[in-house]
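Naming convention: chains lettered A, B, ... in sequence-line order (proteins, then strands); numbering from 1 in each chain.
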Amino acid sequence: AQSVTQLDSQVPVFEEAPVELRCNYSSSVSVYLFWYVQYPNQGLQLLLKYLSGSTLVKGINGFEAEFNKSQTSFHLRKPSVHISDTAEYFCAVRSIISNDYKLSFGAGTTVTVRA
Amino acid sequence: NAGVTQTPKFRVLKTGQSMTLLCAQDMNHEYMYWYRQDPGMGLRLIHYSVGEGTTAKGEVPDGYNVSRLKKQNFLLGLESAAPSQTSVYFCASTHWRGGSDTQYFGPGTRLTVL
């Protein structure tokens, strides 16, 4: 089984400042990793995902994440945030075992961007 | 192409009442999921389906039933609602290509049980 820990429940940040959201996972097998974003009163949408290859993954809206296998982490970053980045962010993991159909989500990190 | 839609968007029930939440997708996805979202707990999987006519239990299945009679629809039922089932419910769907595919989410149903 896999589990995900998002280390910060709330992150306040000023507009145009950088932001980092931390995600650690636990798994006995190799995994795929995902970051999803949920804007207020909406469903989740994919920001980016790591499947294999380069450990630095670029996503939509200027976000990127780095996979670190030795530290079992997948931290999300953006160099300069906008007011519109105010949202809840979820890290998720799925094992690469072919018959494991389920995503495991972290508890979420609420990002509030202030002018 | 509407993606994933959910009906209704909001609902208030009294304890003991029953209801069915409908999820529909027009992307011809094989896999569909029902999650509940509660503050500080992220998304927890209730039930899922890997194809028409199949269902399986997720992490928190108690008090819920599901059916997948048509590939495009996935129904979540509450037979006797309890206040602990007050939550936001999300449906998702995906193709299956070794687990790497994106899950697409509906807009959610906000359910309150009094």
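Considering all non-hydrogen atoms of both residues, A:Lys102 and B:Tyr48 come closest at CD-CE2, 3.7 Å. Of all non-hydrogen atoms in A:Ala107 and B:Gly40, the two that sit nearest each other are CB-O, 3.4 Å.
For B:Leu43, the parts lying near chain A are the backbone and the side chain together; criterion is any non-hydrogen pair under 4.5 Å. With a threshold of 4.5 angstrom between heavy atoms, A:Tyr36 approaches chain B through side-chain atoms but not through N, CA, C or O. Using a 4.5 Å cut-off between heavy atoms, A:Gln6 makes no contact with chain B at all.
The cluster map of Ile, Leu, Val, Met, Phe, Trp and Tyr, joined by side-chain heavy atoms under 4.5 Å apart, puts B:Val88 and B:Leu22 in different clusters. Hydrophobic cluster membership is shared by A:Val113 and A:Trp35, with clusters built from Ile, Leu, Val, Met, Phe, Trp and Tyr side chains linked at under 4.5 angstrom. Put simply, B:Trp34 and B:Val50 are part of two different groups of oily side chains (I, L, V, M, F, W, Y) that touch within less than 4.5 Å, one to the next. If you chain together hydrophobic residues whose side chains sit under 4.5 Å apart, B:Met19 and B:Ile46 fall into the same group. A:Leu7 and A:Val37 fall into different hydrophobic clusters, defined by Ile, Leu, Val, Met, Phe, Trp and Tyr side-chain heavy atoms under 4.5 Å apart, directly or through other members.
Of residues 104-114 of chain B, those residues lying under 4.5 Å from chain A by any heavy-atom pair are B:Phe105, B:Gly106, B:Pro107, B:Arg110. Contacts between residues 58-85 of chain B and chain A, defined by a heavy-atom separation under 4.5 Å, are made by no residue at all. For residues 67-91 of chain A, the interface with chain B (any heavy-atom pair closer than 4.5 Å) comprises A:Glu88, A:Phe90, sorted by residue number.
Interface remark: of the candidates B:Met41, B:Gln103, B:Gln6, B:Gln103 forms the most heavy-atom pairs closer than 4.5 Å to chain A. Most heavy-atom pairs under 4.5 Å with chain B: of the set A:Val4, A:Leu46, A:Leu44, this distinction falls to A:Leu44.
Between B:Thr102 atom OG1 and A:Phe34 atom CZ the span is 6.5 Å, to the nearest 0.5 Å.
Cluster partners of B:Phe10 are absent, since no Ile, Leu, Val, Met, Phe, Trp or Tyr has side-chain heavy atoms less than 4.5 Å from it.
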What verdict does the side chain to side chain contact (heavy atoms under 4.5 Å, CB included) test give for A:Gln38 and B:Phe90, after you've listed the backbone C-alpha separation in whole Å, the side-chain angles of each residue and the deciding distance to 0.1 Å? CA-CA 12 Å; A:Gln38 183 182 29; B:Phe90 287 99; 3.1 Å; yes
